[in-house]
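Single-structure report; data block below.
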Amino acid sequence: MQKFILFLAFLIPIGMLAQTKVTGVVTEQSTGTPLLGVNVVIKGTATGTTTDFDGKYQINAANGQTIVFTYVGYKIQEIAYTGQATVNVALEEDASKLDEVVIVGYGSAVKKDVTGAVESVSSDDFNGGAIVSPEQLIAGKTAGVQVTPPSGAPGTGAAIKIRGGVSSLSASSAPLIVVDGVPLDQGSAGLNYINANDIASFTVLKDASAASIYGSRATGGVILITTKTGKSGQPVNVSVNHFTSVGNNVNEVDVLSSSQFRELILANGNTNQIAQLGNTSTDWQDQIYRGSLTTDTNVTVSGGFDNSNYRASIGFVNQEGTLRHSKVERWTGSVKFVQRLLEDDLSIEANVLGALLDDNFGNNGAIGAAVSFDPTQSVFDPNSPFGGYTENVNNDGSINTIAVRNPVGLQELYSNTADTKRSTGSLKIDYTLPFFRDLKVTVKGGYDYNEVNGRLNIPGVAATNFNDQGLFGTYNTLNRTRLLDVYGLYKKEIESIKSTIDVTVGHSFQSFYRSNRFQNVTGLDEVTGNIFKTENALESYFGRLNFAYDNKYLVTFNLRNDSSSRLNPDDRSDFFGGLSLGWNIIDENFMKDSKVFSQLKLRAGYGETGQQEFGQDYGYIPRYTTGDGQVQYQFGYNADGTPRFVTTLRPEEYDENLRWERSKTINLGLDFGFFNDRLTGSVEVYERKVEDLINFIPVPAGTNLSNALFTNVGNLENRGLEINLNAGIVENDNFSWNTNFNISFFDNEITKLFLTDDPTSPGTLTGGIAGGVGNTIQINSVGFEANSFYVFKQIYDPNGAPIEGAYVDINGDGVVDTNDRYRYKSPNPDAVIGFNSNMQYGNFDFSFTMRASLGNFAYNNVASSTGNTQALFGANTINNVNASILDTGFQNQQLFSDYYVQDASFLKLDNLTIGYSFDNLFNKDIRMRLYATGQNLFVITDYDGLDPEINGGIDNNFYPRSRNILMGLNLNL
């Protein structure tokens, strides 16, 4: 009540006090230049103004009040008013704001001196909400970075694409992620082992000139994650963060209701099919989904002494999915300790992140079954031998093994659980040589460890394994990475020539080990299984040179030599590098007196990076794979007369000349700031050419040990434009409002696909779909976008309805066949947009993030495979179908019609947060913030399917994303 009364007191018009007009001029202390747009506010009131082009202001003040002057990039100054008519102020630059430091590979740099396309997002700007996978923290936050949120399955990670994410066809296009200097295994699990509260910043190296310091793994870009640390000289600080979230699905797949289904069966079915109709009405999607509950609690202890600092945290998340029985429990912990010795010449930093996860994977097969199972049937059948669940059976009562299963039975008679241990960490030693103080040597050892132990249990009464009398399985995976880096940093200011030189030279060795094993045992004691192990290593030498003349003219040169055991000995070692130039135009004499520009820097760069993440470690040598228990050959008899079976060895395809993919990128950028950085931003244009694509392509029979293999073939081009704008719209003691707008335009084209040009070949098919065996809906072709949809052009009647089986004869030969399929759109967006807004009024705060994607298309495979009469009567049963049948009237599947390729552009309100902070709680130095957040609040789209944001562009059996509402508490003691 007391705080409420004080709040009302602020609303009393200050005009009730005796006031005097005050004027003055605000200048920059170092140059005396008048400053435009300085905020001048009477402290504790809403009275304020700003300075004009000449730095002049005018405001009313009363004796005893305090006038506050604030300006971005300068220290706040407060002047006590005692009746003076003129108050002139000279503001001092705040070096901590002007010299913002960003993390780059193997070091850091002042933002003003960076010449590459580097963007940093700090914890102050992260997205809010029920975030278990940290990638979502930066969704929509920066141009050129596209984060596709995970499906609704608990604990799943988001997909990150940098600059369109089309940097390869068969190899990975995902960025390399480096956590506290340790590059993660790109083939391992995602980031859900990291508590979002432990992350201090994400730094994105977007162009090749910046990312080339990581050489052969950087074509998809690089993301550097820095975790939080304690502060030296800070007393012990304890913080508690907790939120509780409830979620519900906001959409369902549009299928027939029980009455609509009954009408179609009666109109189209035969006597036997009509007899299968039940007498109930069941919404199977309602049966398999639920409201979800998520709780997240995190406790952190941090502090520091004169020569050390520390931070430790522990967190627990219990996240339910909306699909019944899907759930993850996660314990996380982190420790970071820094000790400085020998008058700070020696620094030792130890850092460990770890998580224990207990996953309960719901049966995702229930999602597709709920779309297709007969809605006139009840969930339970008291006479059913299949656990009491209604099932599709043959005339003799035996299970129909090819029919759709009861969705609820799939969920309840199924258990798939896994325990995961994941940890990354490093020990870093920095030593400044006492006899050569311009040189610092760093030694870092790091690791990434991921172990999963899972169990699968399906009881004998389950329809899925009834004939096998059940199934019990175990599976184990282990991914282990070890890292050793040794590098030196030499930095020297040469005042005689007004120059600074910064040189980094080092060596890196990283090894990767992966193994997996599974074993399934049926109730009939039939055993199947397999064991697989592999490893590879990467040895590298790297260097970077930064040169700055007069703080105006900047040069950065990166060079890295990588040797990978994955590639053939003749080509496994290669150089990657980049050169970038910067010109701080703002520091030129002709710009120093500018009253408009506060930043202006031109950047240009060229770089070459590589790619080797294509899923094989020995693709260049002949090798044999051991068959499992079902792949055996009888070879004689045992001593007791029983047949003796020998496990087979299967030869695998190989390319003895396998080598890197190589990417060459040109980047041009302009950084700018207006009115003392009240408006800042950047514009980037780039072109990337990828050569020697590692592609999985068919080969002529008899030329290899398989009909397809990974080999280097083809070229790809990417072009784009990125615009990033930040605006400090209002900034004073009582109210601040900051916004960010970013937009990225993408274009990609395949320029070569085969070793020799073949104008008769349409390309290589990809993008498997449901509705038949071996069907694909996408293609890679020269002159077109990657993964373009490959379809027939639908013909429509005068009313705009599609005519079944009627397609355009594209080539005009009088026959409509596969040669008339054409390339129509792609899942790749033409542009993505992010818009963020943060407001603070007194102790209230309000923020939101919106994202938009334009020009991306999706193939509605749910509708194409089941939206027809044929799908009503599959597998000697009656099945529900997609409601699109009511619009099309299709009798048979039209899988390749462009009717099902739909515009999936969208606008989403990702999250919205409102909070209130209590200062000096209980008259002590305790701060508490209460907040409420909504996630996935609305989607505006023309797409007919469940969700327009489908990674890969093929919509089938998608676990829906829920809408979440949460309440949270942050407490600092």
Side-chain angles (χ1 to χ4, degrees), residues 102 117-129 131 133-150 157-166 175 196 199 201-207 220-221 223 225 669-672 679-686 720-729 737-747 827-839 845-856 904-913 933-941 947-951 961:
V102 295
V118 178
E119 293 286 345
S120 184
V121 182
S122 69
S123 57
D124 292 337
D125 300 317
F126 287 165
N127 290 322
I131 292 176
S133 190
E135 302 98 317
Q136 294 173 264
L137 294 171
I138 60 171
K141 291 296 183 179
T142 186
V145 180
Q146 185 181 356
V147 180
T148 302
I160 306 178
K161 298 178 180 179
I162 296 178
R163 293 191 160 177
V166 186
I199 297 179
S201 68
F202 286 78
T203 301
V204 185
L205 311 182
K206 294 189 291 186
D207 74 328
I223 294 180
I225 297 177
L670 179 68
D671 302 327
F672 53 84
L679 174 65
T680 63
S682 63
V683 178
E684 307 269 354
V685 293
Y686 64 89
L721 167 66
E722 300 166 0
I723 301 173
N724 196 72
L725 297 173
N726 303 283
I729 299 175
W737 181 15
N738 302 295
T739 62
N740 167 266
F741 172 83
N742 59 80
I743 183 169
S744 307
F745 299 92
F746 309 111
D747 181 44
N828 309 309
D830 296 326
V832 295
I833 301 172
F835 180 69
N836 309 276
S837 179
N838 295 277
M839 300 181 188
D845 62 85
F846 173 79
S847 63
F848 66 84
T849 297
M850 302 181 74
R851 292 185 302 112
S853 181
L854 306 176
N856 55 298
S905 301
F906 64 84
L907 171 66
K908 284 190 175 186
L909 178 57
D910 265 359
N911 60 74
L912 182 150
T913 298
T933 297
Q935 270 185 293
N936 194 24
L937 292 178
F938 69 73
V939 181
I940 299 174
T941 183
D947 193 311
E949 197 166 17
I950 302 293
N951 192 32
R961 302 180 181 105

Which atom names give the shortest non-hydrogen contact between [X] and [Y], and what distance separates them?
X    : Y    : result
P829 : Q146 : CG-NE2, 3.8 Å
T941 : P948 : OG1-CB, 3.7 Å
F202 : L137 : CE1-CD1, 3.9 Å
A831 : F745 : CB-CD2, 3.7 Å
N738 : G728 : OD1-CA, 3.3 Å
P149 : E949 : CD-OE2, 3.3 Å

T849 and N127: side chain donor to acceptor below 3.5 Å: yes
Distance-only donor-acceptor check, side chains N836 and N838, under 3.5 Å: no
side-chain contact (heavy atoms from CB on, under 4.5 Å) between E722 and N742, intermediate numbers included: CA-CA 7 Å; E722 300 166 0; N742 59 80; over 6 Å; no
Derivation of the side-chain contact (heavy atoms from CB on, under 4.5 Å) call for D207 and R163: CA-CA 9 Å; D207 74 328; R163 293 191 160 177; 3.5 Å; yes
Do [X] and [Y] have side chains that get closer than 4.5 Å, going by heavy atoms?
X    : Y    : answer
V118 : T203 : yes
F906 : D947 : no
F126 : I199 : yes

As an exercise, state the distance from [atom1] of [X] to [atom2] of [Y], rounded to the nearest 0.5 Å.
X    : Y    : atom1 : atom2 : answer
D845 : T913 : CG    : OG1   : 8.0 Å
I743 : N724 : CD1   : CG    : 11.5 Å
L909 : F938 : CG    : CZ    : 4.5 Å
D125 : T142 : CG    : OG1   : 10.5 Å
E135 : I225 : CD    : CD1   : 7.5 Å
I729 : S837 : CD1   : OG    : 6.5 Å

Presence of salt bridge, K141 and E119, under 4.0 angstrom: no
Salt bridge present between K206 and E684 (N-O < 4.0 angstrom):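 The answer is no: the pair does not qualify as a salt bridge.
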Aromatic plane relationship, F848 with F835 - under 30° parallel, 30 to 60° tilted, over 60° perpendicular: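 Answer is tilted, since the angle falls between 30° and 60°.
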Matching residue for S744 among V832, I833, I723, D830 - test: side-chain contact (heavy atoms from CB on, under 4.5 Å): V832
Donor-acceptor pair, side chain of S905 and main chain of G855, under 3.5 angstrom: yes
